Novice: 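Handing you a structure now.
Worth knowing before you read on, the calculation uses all heavy atoms, side chains too, and leaves out hydrogens, waters and symmetry mates. This is a predicted model, so every value here is computed, not measured.
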Amino acid sequence: MTAAVPIENFTDSQKEAIFHKDGPLLVLAGPGSGKTRVITSRIAALIEAGVRPWNICAITFTNKAAEEMRIRVEQSTPAQGVYVSTFHSLCVWILRRYAEQAQLQPNFSILDVKDQQRCMKEAIADCQIDVTNFTPARMLDYISRLKNDLESAEQFEARADDFFSRSAAKAYSRYQQILTKNNALDFDDLLLRTAFLLRDCEDVRLQLSDRFRYLLVDEYQDTNHAQYQIAKGIALAHRNICVTGDPDQSIYRWRGADIENILAFEKDWPEAKVVKLEENFRSTPNILEKADQLIAANTKRKAKSLIATRPKGNEVIIDICEDENKEAHWVAERAEQLIDEGVNPNEIAVFYRVNSMSRTIEEAFVQRQLPYQVVRGVEFYARKEIRDLLAYLKVMVNPQDDIAFIRAVGTHTRGIGKTSLDRLSHFAKIQGLSLLDAGLRAEEIETINRPTRKRLVDFSKMLQALSEETTGDVAPLIEQVFAETGMEQALKVEEDATENISELISAAAEYDQRAEEPNLMDYLQMIALYSDSDAYDAESQRISLMTMHAAKGLEFDHAFIIGLEEGILPHERSLNEAGDDLEEERRLFFVGITRARKTLHVTYARHRVVRGQFIRSTPSQFLYEIGFEGEQDSFDTGWDRIDRYESSAPKPKKKLKIDSKPGQLYQVNQLVEHKKFGLGRVKEYLDLGEDSIVVVKFNTGNTKSLMVKYAKLTVVDG
DNA sequence: CCATCAGCTTTTTTT
DNA sequence: AAGCTGATGG
């Protein structure tokens with residue numbers, strides 16, 4: 001067997017980290033320092049030294065990163081069985097395995113953000129808290145912090161002493177009651193319950209320590225207190241804990257991440273070995289210089305250097321644009337140039353602060369016919385039809401899930417309305433039943449009229465029948481549910497909804513292939529943890545568009561960062577408080593900059609439409625920090641006064657409806673563009689006045705007939 | 001009971 | 001610009 005770890009390729013400090021023996025290890029790894037390679041090699045080295053793969057647990061920040069690491073580990077060692085996952089997935093695994101000790105049922109539902117809001121809304125209403133001051137979103141945010149700090153509802157209730165916290169305590173406690181009744185956990189509960197389990201059950205803790213004798217945690221700067229306690233709990237018995245991270249890349253403080261976890265690692269583990277990886281093997285010195293200048297402005301920071309190893313490259317370009325459209329076109333133009341020079345599109349990325357900023361870029365790319373992917377994974381699972389279908393599946397796995405039950409009822413018209421549901425809920429509450437069980441007994445509810453009662457019973461029976469068979473492959477199950485619940489029939493007219501469902505089924509089929517023991521419960525719990533960056537496809541020969549948060553851990557030859565304006569980056573929400581938030585914004589920009597290997601383009605637009613309003617903006621303070629000298633020439637840039645005039649003029653009331661498409665006529669073979677389907681050619685046009693229909697064959701291969709008045713079609717010239 | 005529409009609010013990042 | 005809510009009409 002050849003050596004799995006070819007040591008000659010590593011620097012001395014990398015080797016120190018890779019071959020460190022037992023005991024705690026802290027790797028402070030700057031951007032581009034080969035951290036991932038070091039971790040993988042360390043795992044291989046451990047195995048080579050006789051550790052069983054089974055006893056190694058590596059925790060990554062996203063599922064995507066876990067998947068990648070699994071592949072890398074498989075490549076560097078023939079041994080199988082290293083456990084690689086995110087904290088959240090690990091918690092699901094633990095909670096399912098030790099459900100009894102955790103006082104849970106293993107088939108728990110995992111709430112998504114929307115479900116959480118629904119539950120919180122209900123909780124607030126139940127507690128009769130004034131809604132104007134306590135919005136569900138705000139309350140959820142507050143409670144999430146408490147949970148991440150491992151404070152239970154009871155604990156918090158005991159210490160809440162002012163009006164706000166007492167109200168929050170009531171809402172927290174009621175919210176948890178609702179979740180328990182639904183046999184549901186939210187994201188934070190996964191961590192909190194696991195942390196409590198480890199704290200309270202020595203037996204479980206020791207079993208897990210024995211199972212995972214070597215623990216590695218990546219992106220440690222972004223762990224919160226709950227995750228910290230979980231890691232500590234697992235490693236306490238053997239002290240084989242290796243954490244890697246970079247305090248300068250901590251960008252999740254807003255989510256409860258505690259940078260102290262990495263800064264104070266040596267306090268927890270006094271015998272810890274510390275290795276610094278400061279050499280950068282990724283970016284040109286030109287790019288690193290900017291990154292260094294920028295991050296130096298952070299005061300709450302341990303000084304650290306970025307040591308360049310690459311040859312000098314191109315200067316970083318800062319470009320001023322008039323507005324977001326010009327900015328988008330400028331980016332598109334440069335990207336096109338690069339591609340013309342032979343650059344593979346998947347080596348190009350565009351980063352922005354907020355997801356909504358992808359739109360103008362997309363439009364510009366479509367116009368220039370540049371291939372791109374928007375990295376936003378959760379969007380797919382948030383679609384109405386997908387959530388609807390998943391609701392049935394959730395009830396099948398977890399009959400206590402009233403949230404899903406209500407959603408399933410409402411997927412399409414079936415003669416059961418809100419009033420009936422309220423009455424059903426009332427009955428269920430009095431009887432202490434789930435909605436499903438109450439539905440089966442709907443005949444007893446006299447307040448509901450007779451035909452509706454029947455419909456409720458039928459519906460509940462259908463669900464119950466479906467629930468009887470939830471084992472085995474998931475894809476056929478989804479198909480069956482789609483057909484038998486009537487959703488397929490109801491969606492017949494909506495082509496793209498049906499298309500999305502088939503996409504869901506294909507994805508499930510893929511899961512069936514991959515999973516060791518595919519089953520519906522596991523599948524649902526897994527997709528609940530699916531995240532944005534999971535949608536990134538490195539193979540896809542396309543330009544990637546994503547937020548800087550999603551860009552964490554990735555790298556590209558050519559990067560564009562757009563929207564360097566006060567209020568956007570740094571974001572307006574970070575401008576107020578103590579300055580900690582501002583420093584985090586700076587770190588976020590730092591992460592963005594250090595993604596680039598060869599070239600970096602940064603843009604700032606003088607004007608931008610934000611939330612439907614035309615705003616005049618000022619350059620981001622961060623631009624000055626990387627050497628931007630202001631605008632030498634702020635007028636007569638060729639930018640038309642007319643534009644400015646029009647934008648500041650009072651907007652005409654759109655109610656007047658000056659026929660948005662006056663006399664729009666389409667011709668056969670005309671090139672058109674649809675917001676969703678992209679480019680296509682007109683195959684047929686039926687002039688029926690207001691109800692005109694246009695048939696378009698899109699480049700995706702699909703042909704669709706669209707109502708002219710609804711379809712967002714634009715004619716493409718040339 | 002249900003669909004539609006006008007009017008109103010709106011956070012940014014995500015597991 | 002877009003999604004949600006409450007009111008209204010069928």
Novice: Taking ring pair (Phe, Tyr, Trp, His ring centres under 6.0 Å) as the test, write out the residues that go with A/Tyr352, two or more places apart.
Specialist: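 Listed in chain order: nothing, the list is empty.
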Novice: How many Å lie between CD on A/Gln613 and P on B/dT9, as a whole number?
Specialist: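 In whole Å, B/dT9 P and A/Gln613 CD are 14 Å from each other.
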Novice: For A/Tyr228, which residues count as a ring pair (Phe, Tyr, Trp, His ring centres under 6.0 Å) partner, sequence neighbours excluded?
Specialist: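 A/Tyr228: ring pair (Phe, Tyr, Trp, His ring centres under 6.0 Å) contacts with A/His225.
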Novice: Between protein and nucleotides 5-10 of chain C, map the contacts as a letter string: B base, S sugar-phosphate only, - none, heavy atoms under 4.0 Å, written 5' to 3'.
Specialist: S-----
Novice: Who passes side-chain hydrogen bond (donor to acceptor under 3.5 Å, both in side chains) against A/Thr223, sequence neighbours left out?
Specialist: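 A/Thr223 satisfies side-chain hydrogen bond (donor to acceptor under 3.5 Å, both in side chains) with A/Asn261 only.
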Novice: Taking only the C1' atom of each, what is the distance from C/dT5 to B/dT12 in whole angstrom?
Specialist: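 That atom pair is separated by 24 Å.
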Novice: Under the side-chain hydrogen bond (donor to acceptor under 3.5 Å, both in side chains) rule, collect the residues that match up with A/Glu68, sequence neighbours excluded.
Specialist: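 With neighbours one apart ignored, the set is empty.
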Novice: Does A/Arg608 have any salt bridge (charged side-chain N to carboxylate O under 4.0 Å, His left out) partners at least two apart in sequence or in another chain, and if so, which?
Specialist: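 Listed in chain order: A/Glu327, A/Glu565.
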Novice: Roughly how far apart, to the nearest Å, are B/dT13 and C/dC4 at atom P?
Specialist: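 My reading of the P atoms in B/dT13 and C/dC4 gives 15 Å.
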Novice: Taking any heavy-atom pair under 4.0 Å as a contact, classify A/Lys114: base, sugar-phosphate, or nothing.
Specialist: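 The residue A/Lys114 makes sugar-phosphate contact but no base contact.
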Novice: Got a sec, which residues hit side-chain hydrogen bond (donor to acceptor under 3.5 Å, both in side chains) with A/Asp141, two or more places apart in sequence or on another chain?
Specialist: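 A/Asp141 satisfies side-chain hydrogen bond (donor to acceptor under 3.5 Å, both in side chains) with no residue once adjacent residues are dropped.
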Novice: For A/Glu260, which residues count as a salt bridge (charged side-chain N to carboxylate O under 4.0 Å, His left out) partner, sequence neighbours excluded?
Specialist: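 Salt bridge (charged side-chain N to carboxylate O under 4.0 Å, His left out) list for A/Glu260, sorted by chain: empty.
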Novice: Tell me, for nucleotides 10-15 of chain B in 5' to 3' order, what letter each nucleotide earns: B for a base near a protein heavy atom under 4.0 Å, S for only sugar-phosphate near one, - for neither?
Specialist: BBBBBB
Novice: Taking ring pair (Phe, Tyr, Trp, His ring centres under 6.0 Å) as the test, write out the residues that go with A/Tyr252, two or more places apart.
Specialist: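 A/Tyr252 satisfies ring pair (Phe, Tyr, Trp, His ring centres under 6.0 Å) with A/Phe61, A/Trp254, A/His549 once adjacent residues are dropped.
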Novice: Return the residues of residues 419-427 of chain A meeting this criterion: a heavy atom under 4.0 Å from some atom of DNA chain B. Order them by number, or give none.
Specialist: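 Here the set is A/Thr419, A/Ser420.
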Novice: Checking A/Gln116 now: which residues fulfil side-chain hydrogen bond (donor to acceptor under 3.5 Å, both in side chains) with it, not counting sequence neighbours?
Specialist: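 For A/Gln116, no residue satisfies side-chain hydrogen bond (donor to acceptor under 3.5 Å, both in side chains) once neighbours in sequence are set aside.
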Novice: Heavy atoms only: give me the nearest A/Val609-A/Phe614 pair and the separation to one decimal.
Specialist: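 Residues A/Val609 and A/Phe614, closest heavy atoms: CG2-CD1, 3.8 Å.
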